[in-house]
Amino acid sequence: MQSSWSRYYLKTRLLACRDEVSVSRIHCQLLVSGMFWFETFSAQLLASYARVGDIPSARQLFDMLPQREIDSWNAILAAYSRRNCQAEVLGLYEQMKLEGVRRSSSSFTMAIKACAGLLDLEKGEEIRECAVGSGYEDDVYVESAVLNLYAKCGKMSEAMRAFDKMRRRDIVSWTTMITALSQCERGEGAVDLYRRMRNEGIEGDRVAMLGIIKACAAVGDPRLGLSTHGHLVRKDLMDSSTETSLLSMYAKHGYMKQALHVFETMHRQTVISWGALVSGFAQNGYAAETLELLAKMVSNGFDPEVVSIVSALSACSQVGYFKLGKSIHGYITRRLGYERVSGTGIIDLYTKCGSFSSARAQFECISSPDLVCWNAMIAAYGVHGQGKEALSLFIQLTEQDIQPNHATFAALLSALSHSGLVEEGQYWFHKMISQFHIAPMEKHYACMVDLLSRAGKLDEAHKLLQSAETEVGISVWVSLLSGSHNHGSFYIGEAAAEKILKLNPDDLGIYALISNFFAAHRKWDQVAKLRNIMRQKGIKKAPSYSLVDVNGKLCAFLMGDETHQDYEEIESILDQLDRHMKSAAMSS
DNA sequence: ATAGGGTTAG
């Protein structure tokens, strides 16, 4: 029987194999019949082992092939590439080069993909040069891998340039760019690109839509996300990935009801969709619900992984649930092992729960901190009033050849502002724009206005806001108003108050501040007007409260609250603290 | 048919 096997018959049988057992069965038959040693057969066997993902068998065969054709090389490369074994891909690629084997478009493509995974820009560019030298200058596969290489290495403008130069673009090239733009929060750019793609008659597939959903999460207007959801349903592009991404998009816009609805009606809930939901609750400040959901996840048989654990950690940080947070830290150490993302979450926990030295110790533990880790640590210094140290950490960061982003500057400027380092703040705000090409966002203006107005530089603060290209919200103007209030600057305060009233806030405290400001300047008609507005709106705000972790039990307290059982003792300690602070303020 | 884009998160 075996001797009648033709090459064609064997190929058909091998292609039908879906798992390594069926491949090895054919392998045995070939060995028994003695046909194995025909080079064409062993190469095809190798390709099949590679295709079903049995790397050890594929490698073994590869190593014993007497003569290795390009197809065998590409097959083994593909096996490693699919499993993201970057070092092996690059090792084999180098060996090909060394042995003078011709490299095809797919060999170059996989090697460049490996470089993108390792963030090795230099090596990737070198391989691209070789591809160009072999006549693949306009190869859509090679070029798409290059786009991804640039994007992953944070070189978006290089990626854009390469994309614009491409002579032919297919769905993957477009998707690479759309995804890259939405990942660096450039949602509008991603949506523009998607529209251009559609204009060229290309329909988005599931992967492209994942990029678009991410873009919808990054843009301000939630309506875009809603219409994208409709589009996905109409075009039958819903699967558990797109659904999870949609869920998270709704959560980012604060639409937890819709997020929950997507979760409950999705085709198949996975550990990833659970993670997305848990993180959605954490992002929206529902700390108790986050922790409850984590327990529910476990009881549904899903082992919590990093994402859910980090979200739970963030919930603890938000409400100061220090004891539970520390036990989650313990869980991470015992069960999850080293993870940069959770390391950053732990820094944040200790920062927000007041244990600066533990935050610093955690930072030291992270072997290769990425930008987000650095940002968290800079923020930690800022929260603890160490502006100078925050600045020197920032300088250290820039010396590491890591590009700071908008969050880095938000942390830095806030640190400088809270330490009253006015000149440094102004200096770095301008550097941010001119040298780092980061357009100031609302949070940056907020820091600057805070910094300037606390230093009494109200004119400068006002001018900064007037020249701002992005529209800033109520809180920034409130900050300018309270600065004016404290420094007796009537005209700027009045301008700020006007602006605030136009923005129509629904926070009672803000109206009270405006009213106090006008009262201080004896503008009684304004005060009366404000009273009217307040009465008309009938503003009722749920009173704000603080949470404190007492021996692992979370207690809430609010203004004038005397309901606690140890109220008298608490009050006497507060009195003592008050006296301490006053005498400390006198002596400094 | 061997390749390039991809779900959650600090």
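A:Arg335 pairs by the side-chain hydrogen bond (donor to acceptor under 3.5 Å, both in side chains) definition with nothing, not counting sequence neighbours.
Between the side chain of A:His444 and the backbone N or O of A:His406, at least one donor-acceptor pair lies under 3.5 Å. Looking only at distances, no side-chain donor or acceptor of A:Ser342 sits under 3.5 Å from a matching main-chain atom of A:Tyr338. Between the side chain of A:Gln269 and the main chain of A:Phe263, a donor-acceptor pair closer than 3.5 Å is present. Between the side chain of A:Ser355 and the main chain of A:Thr351, no donor-acceptor pair closer than 3.5 Å is present. Proximity of a side-chain donor or acceptor of A:Thr270 to a complementary backbone N or O of A:Ile272 within less than 3.5 Å is detected.
Contact annotation for A:Asp71: no contact, since no heavy-atom pair falls under 4.0 Å across all strands. A:Ile171 comes within 4.0 angstrom of a nucleotide base, judged by non-hydrogen atoms across all strands. Across all strands, A:Asn375 comes closer than 4.0 Å to no nucleic acid atom at all (heavy-atom distances). Counting any heavy atom pair closer than 4.0 Å across all strands shown, A:Ser81 reaches sugar-phosphate atoms only and no base atom. A:Arg340 comes within 4.0 angstrom of a base, heavy atoms only.
One finds the OG atom of A:Ser48 at 7.5 Å from the CD atom of A:Gln44 (value rounded to the nearest 0.5 Å).
Shown for residues 133-155 of chain A: residues whose heavy atoms fall under 4.0 angstrom of DNA chain B, namely A:Val140, A:Tyr141, A:Ser144, A:Asn148, A:Lys152. Using a 4.0 Å cutoff on non-hydrogen atoms, the parts of residues 176-191 of chain A near DNA chain B are A:Thr176, A:Thr179, A:Gln183, ordered by number. For residues 103-110 of chain A, proximity to DNA chain B is found at A:Ser105, A:Ser106, A:Thr109, A:Met110, defined as any non-hydrogen atom under 4.0 angstrom from a strand atom. A heavy-atom distance below 4.0 Å to DNA chain B is reached by these residues of residues 279-287 of chain A, ordered by number: A:Ser279, A:Gln283. For the contact set between residues 297-309 of chain A and DNA chain B, defined by any heavy atom under 4.0 Å, the members are A:Glu305, A:Val307.
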Show me the donor-acceptor pairs, under 3.5 Å and distance only, between side chains in residues 172-180 of chain A and residues at least two apart or in other chains.
from, atom 1, to, atom 2, distance (Å)
A:Ser173, OG, A:Ser144, OG, 3.4
A:Ser173, OG, A:Asp170, N, 3.0
A:Ser173, OG, A:Asp170, O, 3.3
A:Ser173, OG, A:Asp170, OD1, 2.9
A:Thr175, OG1, A:Ile171, O, 2.6
A:Thr176, OG1, A:Val172, O, 2.6
A:Thr179, OG1, A:Thr175, O, 2.8

Name every donor-acceptor pair, under 3.5 Å, that has one atom in a side chain of residues 160-168 of chain A and the other anywhere in the protein, sequence neighbours excluded.
from, atom 1, to, atom 2, distance (Å)
A:Arg161, NH1, A:Glu158, OE2, 3.4
A:Arg167, NH1, A:Asp138, OD2, 2.7

Using residues 188-204 of chain A as the side-chain source, report each donor-acceptor pair under 3.5 Å to any protein atom, sequence neighbours left out, with the distance given to one decimal.
from, atom 1, to, atom 2, distance (Å)
A:Tyr194, OH, A:Arg198, NH1, 2.8

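The list of side chain to side chain donor-acceptor pair (under 3.5 Å) pairs with a residue in residues 371-384 of chain A, not counting sequence neighbours, reads A:Arg360-A:Tyr381, A:Asn375-A:Asn405, A:Asn375-A:Thr408. Listed by first and then second residue, the side chain to side chain donor-acceptor pair (under 3.5 Å) pairs that reach into residues 88-106 of chain A are A:Asn74-A:Ser104, A:Asn74-A:Ser106, A:Tyr93-A:Arg103, A:Glu94-A:Lys123, A:Gln95-A:Glu99, A:Ser104-A:Ser106, A:Ser104-A:Ser107, A:Ser105-A:Asp139, sequence neighbours excluded.
Taking a 6.0 Å sphere around OH of A:Tyr331, one finds it holds more than 12 heavy atoms contributed by other residues, nucleotides or ligands. Heavy atoms from other residues, nucleotides or ligands lying under 6.0 Å from CG of A:Asn300 number more than 12.
In this structure, the ring of A:Tyr49 has its center no less than 6.0 angstrom from the ring center of A:Phe62. When ring centroids are compared, A:Tyr250 and A:His261 stay outside the 6.0 Å threshold. Ring centers of A:Phe436 and A:Phe409: under 6.0 Å apart, within the cut-off.
Contact record, A:Ser308 with A:Gly275: OG-CA, 3.5 Å, taken as the closest heavy-atom pair.
A 4.0 Å heavy-atom criterion places the boundary nucleotides of DNA chain B facing chain A at B:dT2 to B:dG10, written 5' to 3'.
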